[in-house]
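As structure tokens, the structure follows; a few thoughts come after it.
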Amino acid sequence: MKKTIILMAITTAGISLGQSKIKYPETKKGETVDVYFDTKVSDPFRWLEDDKSAETGAWVKAQNEVTYGYLNQIPFRDALKQRMEKLWNYEKIGAPSIEGKFTYFSKNNGLQNQSVIYRKDSNGKEEVFLDPNTFSKDGTTSLGGLDFSKDGTKAAYAISEGGSDWRKVIIIDAISKKVLEDTLVDVKFSGISWHGNEGFYYSSYEKPKGSELSAKTDQHKLYFHKLGTSQKEDKVIFGADEKRRYVGGYVTEDDHYLVISAANSTYGNELYIKDLKTTDSPVVTIVDNFNSDNSIIENEGTKLFIETDLNAPNKRVVTVDVSNPKPENWKDFIAETQNILSPATGGGFFFANYTKDAVSLVQQYDYNGKLIREIKLPAVGTAAGFGGKKEDKTLYYSFTNYTTPGTIFSFEPKSGKSAIYEKPKVDFKTDDYESKQVFYTSKDGTKIPMIITYKKGIKLDGKNPTILYGYGGFNISLTPSFSIANAVWMENGGVYAVANLRGGGEYGKKWHDAGTKLQKQNVFDDFIAAAEYLITQKYTSSDFLAIRGGSNGGLLVGATMTQRPDLIKVALPAVGVMDMLRYNAFTAGAGWSYDYGTAQDNKEMFEYLKGYSPVHNVKKGVNYPATMVTTGDHDDRVVPAHSFKFASELQEKQTGNNPVLIRIDVKAGHGAGKSVAATIQENVDIQAFTLYNMGFKALPKK
């Protein structure tokens, strides 16, 4: 039970942190008090939740002035940027896709803010199809999706403005590239799935009252847009009667069925199917609860192939006939194994992409469930792709790890032959670096994997600048991937470590559940134990250790630094969920309750959340690590108020000289679609801040 008491706001004087020379902006304090189960909880910075107010805008501007004033004084920041830009400046080409008479692919010449979509005709003539760099002058409008009609003559593409999750959808003639009709607006958390050439399915919410960047959105609906009609005439296919927070629809490749998924949280979904070849056919229920994750990945006539973790925590693929598709009739097609399954289809085959100790293992099956081969990968790392149309003769997959830039391979499914299709020319000496996987022990005795990457010949003397990265939530697996920013960090003598914490998906549903709700502390304990391992093994020491994470990983950093401020030198929480008592009040936050629980559930859950919520656990008189919080003013996934309030608490209560800054990207969101220029500058600022606060006055000599 909860009630809110709002008293008259008061203003406090600007705060100077201990003996710090930094003069932080004045941050007004109010006297808002919430009551949870007879416990009063003050929320003095509640006013920062109003992203539309002039006061909040002025606060953002003032904080950025302080932050950039600090960053501008770091002597090696420009040199770091020059190296980052040089290394980033290489051509990047995406895997091709055949749509109608053209082959489409993405390409970035190196430092273009957004990648460009090109196409080639049957004669190999190449032309620009869509250039997102022309969508806005400052590069803040990005391409959010592109889908073609069945014959490739029509296309619909989504754009995101300022990094927002809200999209606009533009429909064009794919041959002439001319716009066909009015733009669809207010589309969110949606794919675009065409039915033949007549129109497509998409999902959205009613436009919320108040700010579209922070107001709650919790009734998702699936629509069908028929070409040549206005958006107002779009028919609701699913979601009008029963409230669901997430609804999606997609058409099977043969155009026979519409598959509908409905969920109230980020785990567990209902599954439905509708016959599109029969007029006014009913929506048929396959799964009627939220106790498992399920999706139809293929069909062969009326035979459905379903990916599921029902009675299979590591996932399996089952088959069933559409005439009687309930779970009791499911039969194993690819049975569950000890490794985590992520299947794909293409070229007339199934591909079982397994995660084994956070790296990839791929097997190929035919439509009878017979194992054809295990696909030999170039090295230990992450393989992704293998999907395509049934008739495709060639498929594509990418391979990467922490020292290998992402390379695209072509793959002939019938012969099993792989060949390099596109290998990037990056000015980075891969052979000079190595990765080592270790298994360390967490607080409760659980073994946790971590991959540590560094320049060969490193001295284990405790003085290596180290970034420890983690996420630990939402069944998401952190697998090896190359990053230009991390490459620059390692060139400068840095160690980069990634811990595969509980709450993630590296070992299936049991691993995920072990880091949710009343077991969330396991995630923080795993991260703390990773830091302690790096210190005891002398990769680094507390004076040279930074922790970094974004979104749920931002929460991870916030909780770790408030629980163990002595353990680290620098904290880098990005777009984090920092107010665990109110996260579910904004945008789609209520859908995260499977992982977090909510303060309204019961007294035990409230007290548990309050016990680790970063905003509520900043204490006076503590010397917190040097901290740079990063967020975007258009983040409508994890609203920036989380970061605003956390930074305000830290600036008020910090003791000692360690700086507490907040860097707020303007016209930027949760991260997707961010321009190359903005991405480079953010990484430069993070690394410059980190090294500077570890005592470095210049970049180390190569």
Side-chain angles (χ1 to χ4, degrees), residues 117 130 132 135 141-150 154-172 180-196 198-208 212-213 215-227 229-240 242-252 257-266 269-274 276 283 293-297 474 586-592 634-638 669-673:
I117 306 299
L130 276 179
F135 292 173
T141 300
S142 60
L143 182 65
L146 169 63
D147 291 86
F148 292 86
S149 62
K150 295 299 179 182
K154 309 289 191 301
Y157 66 92
I159 63 171
S160 168
E161 296 170 320
S164 171
D165 281 332
W166 291 99
R167 304 285 195 260
K168 294 178 179 177
V169 177
I170 299 164
I171 304 158
I172 62 174
L180 292 175
E181 54 185 72
D182 291 341
T183 298
L184 274 60
V185 297
D186 301 333
V187 176
K188 188 173 184 180
F189 294 159
S190 176
I192 299 170
S193 187
W194 285 81
H195 179 215
E198 63 185 71
F200 54 83
Y201 295 90
Y202 69 95
S203 306
S204 197
Y205 302 90
E206 297 290 339
K207 198 70 172 286
E212 69 174 43
L213 294 178
K216 191 173 183 177
T217 50
D218 63 354
Q219 185 167 0
H220 216 198
K221 299 175 186 177
L222 178 67
Y223 295 86
F224 181 73
H225 177 73
K226 185 176 181 180
L227 293 191
T229 65
S230 71
Q231 187 176 4
K232 292 180 181 179
E233 299 175 61
D234 290 353
K235 183 180 178 182
V236 178
I237 306 300
F238 190 92
E242 288 190 73
K243 182 183 288 188
R244 298 287 183 263
R245 291 197 182 98
Y246 309 109
V247 174
Y250 49 97
V251 179
T252 56
Y257 299 106
L258 170 67
V259 180
I260 301 170
S261 173
N264 278 329
S265 191
T266 49
N269 68 287
E270 301 167 324
L271 189 64
Y272 303 89
I273 195 165
K274 177 180 170 63
L276 296 177
V283 173
D293 271 344
N294 313 278
S295 64
I296 296 174
I297 60 171
F474 296 93
F586 306 107
T587 61
W592 310 336
H634 277 59
D635 190 343
D636 49 2
R637 186 83 55 86
V638 180
H670 200 59

So does K188 get a backbone contact from the side chain of H220, meaning a donor-acceptor N/O pair under 3.5 Å? yes
Y272 side chain vs L258 backbone, donor-acceptor pair below 3.5 Å: no
Rounded distance [0.5 Å steps], [atom1] in [X] versus [atom2] in [Y]:
X    : Y    : atom1 : atom2 : result
K154 : D147 : NZ    : CG    : 15.5 Å
I159 : S164 : CD1   : OG    : 11.0 Å
I171 : L227 : CD1   : CG    : 6.0 Å
T252 : I297 : OG1   : CD1   : 13.0 Å
Q231 : D186 : CD    : CG    : 7.0 Å
S149 : H195 : OG    : NE2   : 12.0 Å

Less than 4.5 Å apart, any side-chain heavy atom of S160 and any of S142? yes
Do Y223 and H225 have side chains that get closer than 4.5 Å, going by heavy atoms? no
For L184 and D234, what are the C-alpha separation, side-chain angles and deciding distance, and is it a side-chain contact (heavy atoms from CB on, under 4.5 Å)? CA-CA 10 Å; L184 274 60; D234 290 353; 4.2 Å; yes
Between [X] and [Y], what is the shortest heavy-atom contact and its length?
X    : Y    : result
D293 : N269 : CA-OD1, 3.3 Å
I260 : L222 : CG1-CD2, 3.9 Å
S265 : W592 : OG-C, 4.3 Å
R244 : F238 : CG-CE2, 4.5 Å
K243 : N264 : O-OD1, 3.7 Å
F189 : S203 : O-CB, 4.0 Å

Show, in sequence, the C-alpha distance, side-chain angles and deciding distance for L130 and Y157, and conclude whether the side-chain contact (heavy atoms from CB on, under 4.5 Å) test is met. CA-CA 10 Å; L130 276 179; Y157 66 92; 3.7 Å; yes
Derivation of the side-chain contact (heavy atoms from CB on, under 4.5 Å) call for Y246 and S261: CA-CA 8 Å; Y246 309 109; S261 173; over 6 Å; no
Give me the one residue out of F200, Y257, Y201 that meets side chain to side chain contact (heavy atoms under 4.5 Å, CB included) with V251. Y201
Are more than 12 heavy atoms, taken from residues, nucleotides or ligands other than K274, located less than 6.0 Å from that residue's NZ atom? yes
Is the shortest distance from a Lys or Arg side-chain nitrogen in E233 or K226 to a carboxylate oxygen in the other one below 4.0 Å? no
side-chain contact (heavy atoms from CB on, under 4.5 Å) for Q219 and E206? Distances and angles first, verdict last. CA-CA 7 Å; Q219 185 167 0; E206 297 290 339; over 6 Å; no
